[in-house]
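Quick notes on the structure that follows.
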Number of protein chains: 2
Amino acid sequence: MQDEATSAPPPARARPNLAAVAALAGVSASTASLAFSGAGPVSATTRAKVLAAAEQLNYAGPDPRAQSLRRGRSGIVGVVMEDRLRDAFRDPVNIAMLDGISDELGTASLGLLLLTEPGQGGVDLSIAPMDAVILVGCSTQLDKAVVVFRQRGIPVVAIEAEPMPDVLAIDLDNRDATARAARHVRQLGHERVALVTLPLEPSHARGVLTAEREAASTAYTVRERIRGAREVFPGVTGVVASASLVEEGLIAGRELLSSADRPTAIIAQSDLLALGVIRAAEERGIRVPQDLSVVGFDGVRIEGADAYELTTLVQPSVAKGRAAGRAIVELLEGGTPAPSGFRSELRIGNTTAAAPR
Amino acid sequence: MQDEATSAPPPARARPNLAAVAALAGVSASTASLAFSGAGPVSATTRAKVLAAAEQLNYAGPDPRAQSLRRGRSGIVGVVMEDRLRDAFRDPVNIAMLDGISDELGTASLGLLLLTEPGQGGVDLSIAPMDAVILVGCSTQLDKAVVVFRQRGIPVVAIEAEPMPDVLAIDLDNRDATARAARHVRQLGHERVALVTLPLEPSHARGVLTAEREAASTAYTVRERIRGAREVFPGVTGVVASASLVEEGLIAGRELLSSADRPTAIIAQSDLLALGVIRAAEERGIRVPQDLSVVGFDGVRIEGADAYELTTLVQPSVAKGRAAGRAIVELLEGGTPAPSGFRSELRIGNTTAAAPR
DNA sequence: AACAACTCTCGAATCGATTCGATCGATTCG
DNA sequence: CGAATCGATCGAATCGATTCGAGAGTTGTT
């Protein structure tokens, strides 16, 4: 690299392109393209010539980037998760959903680009070459990004998000389901009830669930579930966890169970949190369900929770993901899929019982 | 859509492009480009004019697909996982690694395209517009894909894979670490030892670990760990699990512990498998560690394993991922990062003890 | 006043492929 | 035997931006 620029730069063996292959094969670029894509009549001999030339030049096939531009499709679907990956993937419910998504996308030969909400230093959401986007439990903070998607004509599907114009919703009965669980608890005679919620803010701050925080929050699912609980226990409140983890449920449980008139029932917004609460109870010698009833959400199987069969709301996570993936595929094919809503089912286990007197 | 093709097709309001914006702003396309990218001197007034025109036309900014082609970069890094996502993400060790990867990639504004091995109906590995690829614990089945990557000049980093030319290796001391664990077991006086391995084949078939299967396998990590165990217990064998799951460890454990002269120590290839083995022991009233010693691999924290502190090989998963991500970034910047190797550390817990006599 | 230096803008080439319509021979049909 | 048909191939336009070198206009120096 230190010699002067000579008139003829060293061959530098640039990567071959379709034109080079075509030239070597003695055909036009259009024919060579046809030979690779198979979209058009090409004689067997010509195709063979082209492939031979490609081999000779060490050509790997049409450049995906150029194809993207020309076809206006990159074959990539963005999946935007609210949390840091490390948090999101720790909850089996998210994995199940992602699995559903990837299943459907894979069938349609679409790649899955993992993205996290902006402000976290990740990729600028609007800069990636995506054909469509799936928003997973995202806050309304994404408004700006959604506007860009709309401008670009990129279809957007949102799983459990605040309804937005031009965004196809895949919803879950968060509110109603929680209300059903709450009614179950009330029928058992509980009156002192507390919540353990998922994070309310992007900062994932722990702490008491205050009216201000609640009002300021943009976390749709969390608020819906709180509302559901309030339908049955109007003034109910509780604490906010910083992630859906057993460890976090433990911390929340300790806080709730340390007070003098501790609750007799705790409604947690995920099974992991619920399990943590149970651990906190065990620590203090509080028996579940005799002294404390605990309700979860999700209906995932958790290793190590063998002693209990959690009373929880079983949600169809994989189906949810699958519906989102399916919707994306239909949208990309020009169809107009209908929004869908999924129902959770209250599964009564052995972690809820009549209130102690 | 049913009317005849008229001479003048309806305006159809095509999405605006940079040229349209430039025209409206009364500047050239090149100037408009500069105004957006900021890579060149543009007067404030001109920039304002361009941005105003963009707003008026509802232009969302330069098309990422076109940028990819022109720049020769898409900003996307593929991460190829061996398993179905549902399996891969169930093991915290993989999540941790992915977290390390995404951390480094995010810092460099690179997107993370999740891919699975071919033959699973997913995206054709060589068809996605990627700038680089990370292979995670992949079998040598990927040879063909790697060839294509090389032809395309796409750098490849492989985590715990069979060494391949032109592929940067991020390695773990699987063999040596397992040997160390095995020595620990031998020092405790164990002689009847069995293995519970991770899947040997892409089919993820369960069953006995036979010499034939082993020889035919392309699962590098699994074989290395087996070899490590053999350094200490030359003829040792065992059973193959179909995934890294507690449930699978349970199945494997049942099989191993049902035989008349059951092993006094079991070396499992993951902590999840080890925990499953312990559960199998509990089922049969076999005490750990008094009657049975169990060793794991990974050093992950597992919910529900509180009763035991697993003797295991703690591996730096996040660091491994981070190293891979870092290497990718360097490679894309034209650097030549060195391959790296990570060491696992034997952490002795309370699941191993002197062999029963 | 002439020249250098600097700032801003533009034209044209380029990235690598796809695709539509036209062309050209060869075959088939009436 | 002329015309219609069909298959194979090619040319040229297009996708949407980036970038290099050149040119125009302005300011500063001696």
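For clarity, every value in this text was computed on a predicted model and none was experimentally measured. Residue numbers start from 1 in every chain, and the chains themselves are labelled A, B, ... in the order their sequence lines are given, proteins ahead of strands.
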Side-chain N,O ([X]) to OP1/OP2 ([N]) below 4.0 Å:
X: A:T31; N: D:dC10; result: yes
X: A:S43; N: D:dT9; result: yes
X: B:S28; N: C:dG11; result: no
X: A:Q67; N: C:dG16; result: no

In whole angstrom, give the distance that lies between atom [atom1] of [X] and atom [atom2] of [N].
X: A:I127; N: D:dA17; atom1: CD1; atom2: P; answer: 13 Å
X: B:R65; N: C:dA17; atom1: CZ; atom2: P; answer: 18 Å
X: A:L34; N: D:dG11; atom1: CG; atom2: C1'; answer: 14 Å
X: B:F36; N: D:dT18; atom1: CZ; atom2: C1'; answer: 14 Å
X: B:L57; N: D:dG16; atom1: CG; atom2: C1'; answer: 15 Å
X: B:R73; N: D:dG16; atom1: CZ; atom2: P; answer: 24 Å

Pairs counted as Watson-Crick or G-U wobble with both distances under 3.5 Å: what dot-bracket string results for DNA chain C, using | for bases tied to another strand?
||||||||||||||||||||||||||||||
Without swapping roles, check the side chain of [X] against the backbone of [Y] for a donor-acceptor pair under 3.5 Å.
X: B:R152; Y: A:D63; answer: no
X: A:S33; Y: A:A29; answer: no
X: B:N94; Y: B:F89; answer: no
X: A:R47; Y: A:G38; answer: no
X: A:S317; Y: A:A96; answer: no

Which comes earlier along DNA chain C counting from the 5' end, the contact point of B:T45 or that of A:S33, where each point is its nearest nucleotide?
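First, find each residue's nearest nucleotide; the 5'-ward one identifies B:T45.
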Approximate separation, where rounding is to 0.5 Å, of B:I328 CD1 and B:E104 CD
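One gets 11.5 Å once the value is rounded to the nearest 0.5 Å.
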Side chain of B:V42 - closest among D:dA8, C:dT9, C:dC10
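Of D:dA8, C:dT9, C:dC10, C:dT9 is nearest to the side chain of B:V42.
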Checking all strands, does A:P62 fall into the base, sugar-phosphate, or nothing category for heavy-atom contacts under 4.0 angstrom?
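Here A:P62 touches the backbone only, sparing every base.
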Pair A:D131 + B:R65: basic N to acidic O under 4.0 Å:
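Judged by the 4.0 Å cut-off on N to carboxylate O distance, A:D131 and B:R65 do form a salt bridge.
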At a cut-off of 3.5 Å, list every protein nitrogen or oxygen paired with a nitrogen or oxygen from nucleotides 13-15 of chain D, distance to 0.1 Å.
| residue | atom | partner | partner atom | Å |
| --- | --- | --- | --- | --- |
| D:dT14 | O2 | A:R70 | NH1 | 2.8 |

Residue pairs involving residues 53-62 of chain B (criterion side-chain hydrogen bond (donor to acceptor under 3.5 Å, both in side chains); sequence neighbours excluded)
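Qualifying pairs: A:Q151-B:N58.
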From B:V157, B:V329, B:I170, B:L331, residue fulfilling side-chain contact (heavy atoms from CB on, under 4.5 Å) relative to B:P337:
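That would be B:L331; it is the only one of B:V157, B:V329, B:I170, B:L331 passing the side-chain contact (heavy atoms from CB on, under 4.5 Å) with B:P337.
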